[in-house]
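We count ligands from 1, going down the list as the structure has it; atoms in each ligand are counted the same way. The structure displayed is predicted, hence computed values, not measured ones.
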Amino acid sequence: MNAPDTTALPAALSADPTRGEFTVRVARVLRHTAEVSGYRLERCDGQALPAAEAGAHIDLYLPGGLARSYSLCGEPALSAEGYEIAVKREDAGRGGSRAVHEHLREGRLLRIGRPRCLFPLAPQAPHHRLLGGGIGVTPLVAMAHALHARGAAFDLHVFVRSAEHLPLRAALEAAPWRGCVTVHRDDAPATRTDPAALVAQAPAGAHLYYCGPEGFMAALREASRDWPAERVHFEHFGAPPAAATPGTGAGFELILARRQQRLHVPAGKSIAMVLHGAGIPVDTVCEQGICASCITPYLDGTPDHQDSCLTDEERATHVAVCCARALTPTLTLDI
Ligand code: FES
């Protein structure tokens, strides 16, 4: 079959390769649950996609100017052939998941970004314990594939309301590592477990990985408080409540060192909004401090970091401009 001609795509679908973007075709849509659908994305030009490591996510550029990040859940070793994502429809959300469910049909074209991984597996560990709450299981499924392929010891615990709410159920039941999976269902008391107990009972030296809704994240953050930071890995798929709403807080002055420009960031506007308003390009996918698309180096001043994607080390030099404020009267960016 010939690859579709993508040279005359509308701007919204036309990928900019200099920004690491691709135009892909929705090759398959799967209904996982009443709320969760899965999508397989393949490149239109017959070329291989960039390989994605376990825990990676991609940015989807959706109709209406929306951009959202979704974790890949397929086998990382096969990612060059196609990317798999699973998206839960959140009608009360900000519109991204609704746009995915309404727009992505088999055969449709879509612009996406190159995979980025903020939630990588540790290269070595005596055991990897993966804990997923609801749709938060998606990156952990990719991790389970990768751990199985490398022969590493792991287990995957999934917490859901009922069997009908189990995302990726077919994949979990068919995987060669299905014996490592335990599903904990709210509607089946015999299966219920406190996720914190699984942290306390983890094998010596284990690494912990978790992703899920905020209550789940908070419980596991507390349960692993005394663990060495290098053995605890997590990813938010929504902004934690501690994160400030972008644009709240007092105003401050923004200095753009390379451009030799000074801009005022008022209360009620984020740095990214001010940059956009001045015609200065900055990628903003999640606008919640999660995806790292807006990370920008800074040179002077003290940012009030509000993101959940940068490490402490990275925060010494970089800032998420979609949500950070400044603790000093000025903040100097290296742009
Ligand atoms: S836009 Fe996602 S972290 Fe800023």
Side-chain angles (χ1 to χ4, degrees), residues 12 16 19-21 52 55-72 85 87-88 90 93-97 99-100 111-120 135-136 138-139 211 213-214 217 233-249 252 254 256 263 265-298 301-327 331-335:
D16 179 353
R19 289 160 46 98
E21 295 174 356
H57 67 265
I58 52 170
D59 300 333
L60 268 51
Y61 298 94
L62 300 162
L66 289 172
R68 293 290 184 269
S69 299
Y70 293 101
S71 295
L72 298 177
I85 58 171
V87 179
K88 181 181 179 187
E90 306 271 12
R94 296 180 304 137
S97 65
V100 168
R111 182 163 60 99
I112 66 168
R114 170 178 286 274
R116 287 177 292 147
C117 189
L118 304 173
F119 190 31
I135 192 65
T138 50
C211 182
E214 186 44 37
M217 300 296 281
H233 316 265
F234 56 87
E235 185 164 71
H236 291 272
F237 57 76
T245 303
T248 60
F252 56 94
L254 192 65
L256 311 182
L263 299 167
V265 183
K269 281 198 170 180
S270 68
I271 298 172
M273 287 175 188
V274 169
L275 292 172
H276 283 146
I280 297 165
V282 55
D283 275 343
T284 49
V285 173
C286 72
E287 299 176 337
Q288 291 187 295
I290 301 167
C291 73
S293 65
C294 69
I295 299 307
T296 304
Y298 70 93
T302 306
D304 182 7
H305 295 284
Q306 309 279 355
D307 64 275
S308 49
C309 60
L310 291 174
T311 63
D312 287 345
E313 195 179 332
E314 291 165 340
R315 285 179 170 187
T317 53
H318 288 74
V319 62
V321 295
C322 67
C323 56
R325 307 297 296 170
L327 296 171
L331 183 66
T332 304
L333 300 182
D334 189 14
I335 57 175

Derivation of the side chain to side chain contact (heavy atoms under 4.5 Å, CB included) call for Cys291 and His57: CA-CA 8 Å; Cys291 73; His57 67 265; 4.3 Å; yes
Proximity flag Thr284 to ligand 1, non-hydrogen atoms under 4.0 Å: yes
Residue pair Asp307, Arg315: steps toward the side chain to side chain contact (heavy atoms under 4.5 Å, CB included) verdict: CA-CA 10 Å; Asp307 64 275; Arg315 285 179 170 187; 3.4 Å; yes
Contacting atoms of ligand 1, where contact means under 4.0 angstrom from a heavy atom of Cys291: 1 (S), 2 (Fe), 3 (S)
Taking every non-hydrogen atom, the tightest pair across Gln288 and Cys322: N-SG, 3.9 Å
Proximal ligand 1 atoms for Ser293, defined as those under 4.0 Å from one of its heavy atoms: 1 (S), 2 (Fe)
Worked check of side chain to side chain contact (heavy atoms under 4.5 Å, CB included) between Leu275 and Thr296: CA-CA 12 Å; Leu275 292 172; Thr296 304; 5.7 Å; no
Ligand 1-proximal atoms of Ile290, by part, heavy-atom distance under 4.0 Å: backbone
For the student: nearest non-hydrogen atoms of Tyr298 and Ala316, plus distance: OH-O, 3.2 Å
Minimum heavy-atom distance between Pro266 and Val274, given as atom pair plus value: CD-CG2, 4.0 Å
For atom 1 (S) of ligand 1, closest protein heavy-atom neighbour: Glu287 N, 3.2 Å
Atom 4 (Fe) of ligand 1 to nearest N/O/S of Cys322 below 2.8 Å: yes
Cys286 backbone or side-chain N/O/S under 2.8 Å from atom 2 (Fe) of ligand 1: yes
Atoms in ligand 1 flagged as close to Gly289, the criterion being non-hydrogen separation under 4.0 Å: 3 (S)
Element-labelled atoms of ligand 1 that are located less than 4.0 Å from some non-hydrogen atom of Ala292: 2 (Fe), 3 (S)
Side chain to side chain contact (heavy atoms under 4.5 Å, CB included) between Leu333 and Val321, intermediate numbers included: CA-CA 10 Å; Leu333 300 182; Val321 295; 4.3 Å; yes
Atom 4 (Fe) of ligand 1 - nearest protein heavy atom and its distance: Cys294 SG, 2.3 Å
Proximal atoms of ligand 1 relative to Val285 (non-hydrogen, under 4.0 Å): 1 (S)
Which atom of Lys269 lies closest to which atom of Arg325, heavy atoms considered: O-NH1, 2.6 Å
